[in-house]
Structures are given as structure tokens and as C-alpha cells.
There are 2 protein chains.
Amino acid sequence: MASEDSVTETVSFLLGKLGQHANTRFADRLAPLGLRPRHCAVLELLAGGPRAQLELARAIGVTASVVVDMLDELERLDAVRRVRDAADRRRQLIELTAAGRDLRRRTLELARQNDDELLGMLGEAEAAALRRALDRIAGAAGLTFGEAP
Amino acid sequence: MASEDSVTETVSFLLGKLGQHANTRFADRLAPLGLRPRHCAVLELLAGGPRAQLELARAIGVTASVVVDMLDELERLDAVRRVRDAADRRRQLIELTAAGRDLRRRTLELARQNDDELLGMLGEAEAAALRRALDRIAGAAGLTFGEAP
DNA sequence: TATTGTTATACTCTATAACTATA
DNA sequence: TATAGTTATAGAGTATAACAATA
């Protein structure tokens, strides 16, 4: 099944390198907005409704302190609000502001631009096949973002 | 061409996340050998013959001090030798030892195992298509490893 | 002066552990 | 006791800048 004769030709290696590259390019585009790629999953999740911080952490697969940091940054941009949960005063429900929704819309635009640049040399069918393959691998690896744990 | 309605569905975002995941899994497999994914490109390049350190740096796209660090580690494993170039005494020619060649062979085995795990749920045709697409994107992005700059 | 390799330093990203306030 | 959030700290990984030896 795998017939490469050098490590640098394997999917394992290529995916790692390309992932880093795609991320850096995407980060460059996001920079003027004051965001980095990691914020996107948070904005995306919150677009579906308010969530507690630990919920966010589990859903996007990072540790709690990282979420605190990201939310501090998003709050400074007026993109989110922390609202103390009346029913359980330990929890904060995080909700997207109008500015946050606008920001999310712009990140999507930039991600699409980035996709176009990244996939420019592929035909439409090849690009679609790549997207499907990545989706299936991500699913099998348990990397889901929009859904509950 | 790009019709996703959330950032987390774009190739830009997915590739970044999957790249990180693939890299971590590969790193886990390499750990018992005392290596990390970044060493693989060096071993691969040196398999083609001795190289100077700055040549390596340019070829694999990292800064000079990173190469120094990686070679220190590889030297501790007796995988490479630094040989002062007689013609230009500033340069060190890095050559693979027998142990280094053996190590390289084993990294290839592990990378193939990792590919099999990663691509397990894909059909053979889909896996091949993915490989081709990644190759083309890497080529267009100027991410080449086996060849001279 | 310019280049090769080295060291020292800093920055990003993430994780772990200790702490607080609530439950 | 246990949980939600916070802070402090530490560890990878990489980059920049200053330096030594050589050209």
C-alpha cells in the first residue's frame, strides 16, 4: 500500500510539513484582524450558541488555560462576552458579540482565500477529493470541531 | 470553488490541525529511536551524500542554529559525523555513519506504519490521490526536501 | 568584508500544577 | 470533596542577533 522509498515522501511527513505551511500562511492573513488560526474554532463553536469555557476546551481539544488566554484576547477585541451563569455561578457562558460575528465572517473569507491559493494548481475534482480525504481522516482521528464531545 | 460555510471545514484549517496530529503520532513512533520528525529530512538528505550545514539548513527550510542543534543530537546517537572540509576550513561536511543509515531505514519503516494507520480508512485509490495532491501542493509551495535549493 | 558554524537569547504554543470561588 | 475558571510556570520548537574562525 505504501511504496515510498524516502520518509519525506510519506503522507505522515508531508502532512506535517504542509500543515505547518498552511497554518503559517493562514496566520499571516489573520494577523491584521488580531487573530490566529486557533481562535477560529472558538468563533465557529460560539456561532452555534453560548458555551462554557471547559466545554470549549474539550470541543476543540486544548487545555483549559489555553481557552482562558484565547478568550482574554477575544474579549479585548470585543468579540466575546463572559456572562456568569446564574444557575451555577462557577461557570461563565461565553457569547459572541456583533463584532465577534463580523470577525467570524471575515475569518471565513480569509480561509477561503487561503484555500484558493493553496489549491490553485489542483483541478476542481482533485481539490474536492483532497477535502473529502482530509475530512475522513480527521473524523477517524476524532478531530471534530463543530460538535459536542 | 470553495463552498464551505465554516472555517473549520476549510482545507487551510483542516490541514493545519491534521498536520499537527500526524506529526504528533509520528513523533510518538520515533521517540524510542531518540528522534523527532524534523530529523528525518536531515537523514534523508544525507543519504544522498555529505552536505555542509548551511546547505542542509537551506534545503529543509530551517535556520542555521536549528541544524546545529539537530546535528548535535544526531552526533550523540552516532548517526552522523562532522568532518572539517580541507578545501574550505570553515565548512563541516556532514556524513551519515552506518548507524545513521540504519536509523534512516527504521524511520522509513515507522513512517510507513504511520501512513497505514492514518490512511487506513481510505481506499487505495483515494490514498494515492491524497498523496498526489499533497505532493503537488508541496511542490507549488516550494517545499522540497530531497533536492538542492 | 563576507561566510560557516556556534552560542545566547527571545518568542510562540501548549501543557501541568497550584490556587480561588463556588457547588 | 469535586468542579469551573485562573494564574504561574515549564517545556517543546523555532527565530534573531552577536560572536569566532576562516576565506
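All values below come from the heavy atoms of this structure, side chains included, with hydrogens, waters and symmetry mates left out. What you are looking at is a predicted structure, and each value in this text was computed from that prediction instead of being measured. Residue numbers begin at 1 in each chain, while the letters A, B, ... track the order of the sequences.
- Within the 4.0 Å cut-off from OP1 or OP2 of D:dT14, at least one side-chain nitrogen or oxygen of B:Arg38 is found.
- When the C1' atom of D:dA4 is taken as reference, atom CZ of A:Arg90 falls 6 Å away, rounded to whole Å.
- In this structure, B:Leu71 atom CG and C:dG5 atom P are separated by 9 Å, rounded to whole Å.
- Put simply, CG on B:Asp85 is 9 Å from P on C:dG5, counting in whole angstrom units.
- Separating the CD atom of B:Glu73 from the P atom of D:dG13 is a distance of 8 Å, rounded to the nearest angstrom.
- Remark: the B:Arg89 side chain and the D:dT22 base include no donor-acceptor N/O pair separated by less than 3.5 Å.
- The nearest whole Å value for the distance from the CD atom in A:Gln53 to the C1' atom in D:dT6 is 9 Å.
- The CG atom of B:Asn23 sits 15 Å away from the P atom of D:dA12 (whole-angstrom rounding).
- Residue B:Val66 has its side chain nearest to D:dA15 when only C:dA15, C:dT7, D:dA15 are considered.
- Between B:Glu73 and B:Arg38 there is a salt bridge, with a side-chain nitrogen of the basic residue lying less than 4.0 Å from a carboxylate oxygen of the acidic one.
- Within 6.0 Å of atom CZ in B:Arg25, 12 or fewer heavy atoms from other residues, nucleotides or ligands are found, so the atom counts as exposed in its surroundings.
- Heavy atoms of B:Arg82 sit under 4.0 angstrom from primed sugar atoms or phosphate atoms, though from no base atom.
- Side chain B:Thr63 to base D:dT16: no donor-acceptor pair is found below 3.5 Å.
- The base of C:dT4 has none of its N or O atoms less than 3.5 Å from a complementary donor or acceptor on the side chain of B:Arg91.
- With respect to the salt-bridge test (charged N to carboxylate O, under 4.0 angstrom), the residues B:Arg90 and B:Asp85 do not qualify.
- Atom CG of A:Leu56 is separated from atom P of D:dA4 by 13 Å (rounded to the nearest Å).
- No more than 12 heavy atoms of other residues, nucleotides or ligands shown are found within 6.0 angstrom of CZ on A:Arg89.
- Heavy-atom distances to DNA chain D give each of A:Asp69 and B:Gly61 a nearest nucleotide, and the one nearer the 5′ end belongs to A:Asp69.
- Side-chain N/O atoms of A:Arg58 include one lying less than 4.0 angstrom from OP1 or OP2 on D:dA4.
- Nearer to the 5' terminus of DNA chain C, by closest-nucleotide assignment, is the contact made by B:Leu54 (compared with the other of A:Arg84 and B:Leu54).
- Look at A:Gln20 and you won't find any side-chain N or O under 4.0 angstrom from OP1 or OP2 of D:dG13.
- Rounded to an integer number of Å, the gap from A:Ile60 CD1 to C:dA15 C1' is 14 Å.
- Closest approach of A:Gly34 and A:Leu77 over heavy atoms only: O-CD1, 3.8 Å.
- Among the protein residues, A:Asp88 comes within range of the sugar-phosphate backbone only, with heavy atoms under 4.0 Å from sugar or phosphate atoms but none that close to a base.
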